[in-house]
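Computed over heavy atoms, backbone and side chain alike; hydrogens, waters and symmetry mates excluded.
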Amino acid sequence: MTVSGQEAARIPLRVADLFFLAAHTGEQRLSSRVDSALVALGCAGGLLAELILEEEITVTPSVRPAGKGRCPDFLSWVILREIRLETGHDLRTWLEYLGQTAAEKVRARLTITDVLQEVPVSAGWRGGTAAAWRFAESTASAPEADLETLFTSADTATGSGMITVPARLAEITFALLARETGVLRQLRLPKHVARQGEYRMESWEPRIPGPLRTLVSEVAAARGQSAITPRH
């Protein structure tokens, strides 16, 4: 899954990146589609999902390191290092801890990779400038189109067996995180696409690896217990 208009040489977007972009809108200045706590929860879930997909951590049910630390980017490596230093905590603890800074860290990664641009804005009566972000001119963020393709194109994950292709798992995990945080509802997909997506996600979820399934369930539970609801 890619962002429309993306340059061929651009670093591929990862699960947390895709979620962050889907959770925001706005041409001149990013604005979140859902409550900031939901954005933080989804970004934290996305960052953990990346490490699960890379087989760098496992959930047994506590979160423990499992790989050789060959993370493809610095942010993943930093989070893995923290997990190695604080091994044994459960998923909920990590979601809460990472959620404190997850959205800012994912935004920084997207800025470094030129998907986002920082722009100065007036700080109001206090004077000076504050920071805001927008999509880079070379990037046309189209999460609706990405998800519509995922939900309506030929399903390569058909059948009843486990889904194991990493790229497909990343797309599915992104969609499930968007659903559980209310972002998917805010994208206002056409009704037939939304229905098809819900049907596919229900069929995919039991067939993704156990750690990813547990992660999605914990994100859903965390949202439910905090009583956070999407904006309308």
Would you compute the distance between atom [atom1] of [X] and atom [atom2] of [Y] and round it to the nearest 0.5 angstrom?
X	Y	atom1	atom2	value
Met201	Leu147	CE	CG	8.0 Å
Glu96	Glu218	CD	CD	9.5 Å
Leu212	Leu176	CG	CG	9.0 Å
Phe174	Asp17	CZ	CG	10.5 Å
Leu51	Leu80	CG	CG	6.0 Å
Trp204	Arg213	CH2	CZ	16.0 Å

So, do [X] and [Y] sit near enough that their side-chain heavy atoms are less than 4.5 Å apart?
X	Y	result
Phe19	Val106	no
Glu50	Leu47	yes
Leu169	Pro209	yes
Pro143	Leu21	no
Leu30	Leu116	yes
Thr173	Leu177	yes
Glu118	Arg107	no
His24	Phe20	yes

Does [X] use its side chain to pair, donor to acceptor, with the backbone of [Y] at less than 3.5 Å?
X	Y	answer
Glu56	Gly69	yes
Ser76	Asp73	no
Gln186	Val34	no

Residue pair Ile79, Ile83: steps toward the side-chain contact (heavy atoms from CB on, under 4.5 Å) verdict: CA-CA 6 Å; Ile79 295 171; Ile83 292 173; 4.1 Å; yes

Is it the case that Thr93 and Asp90 place a side-chain donor and acceptor less than 3.5 Å from each other?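 Thr93 vs Asp90: donor-acceptor pair found between side chains.
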
Under 3.5 Å side-chain donor-acceptor pair for Ser62 and Arg64: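 On atom types as modelled, these side chains qualify, holding a pair under 3.5 Å.
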
Is there a path of hydrophobic side-chain contacts, each under 4.5 Å between heavy atoms of I, L, V, M, F, W or Y residues, that connects Val193 with Leu187?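 Linked within one cluster.
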
Under a single-linkage definition using a 4.5 Å side-chain heavy-atom cutoff for Ile, Leu, Val, Met, Phe, Trp and Tyr, are Tyr97 and Leu95 assigned to the same hydrophobic cluster?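 Looking at the clustering, Leu95 is in the same group as Tyr97.
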
Check [X] against [Y] and note the closest heavy-atom contact, atom names and distance.
X	Y	answer
Ala22	Val183	O-CG1, 3.5 Å
Gly45	Val219	CA-CG2, 4.4 Å
Leu98	Ala44	CB-CB, 3.9 Å
Ala16	Cys43	CB-O, 3.9 Å
Leu184	Phe151	CD1-CE1, 4.1 Å
Glu180	Ala220	OE1-CB, 3.3 Å

More than 12 non-hydrogen atoms from neighbouring residues, nucleotides or ligands closer than 6.0 Å to CD on Glu82, yes or no?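 Yes - once you tally the heavy atoms of other residues, nucleotides and ligands closer than 6.0 Å, there are more than 12.
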
Around atom CZ of Arg84, are there more than 12 heavy atoms of other residues, nucleotides or ligands at under 6.0 Å?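 Check passes, neighbour count above 12.
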
For the pair [X] and [Y], find out whether any cationic side-chain nitrogen is under 4.0 Å from an anionic carboxylate oxygen.
X	Y	result
Arg168	Glu171	yes
Arg179	Glu198	yes
Arg33	Glu144	yes

Pi-cation contact, Trp133 with Arg29 (under 6.0 Å, within 45°):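 Relative to the ring axis of Trp133, which defines the angle, Arg29 lies outside at least one limit.
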
Apply side-chain contact (heavy atoms from CB on, under 4.5 Å) to the pair His192 and Gln196, showing each step before the final yes or no. CA-CA 6 Å; His192 74 283; Gln196 178 72 4; over 6 Å; no

So Ile112 and Phe74, side-chain contact (heavy atoms from CB on, under 4.5 Å) or not? Walk me through it. CA-CA 11 Å; Ile112 291 171; Phe74 183 71; over 6 Å; no

Step-by-step side-chain contact (heavy atoms from CB on, under 4.5 Å) determination, Val15 to Leu18: CA-CA 5 Å; Val15 177; Leu18 292 166; 5.7 Å; no

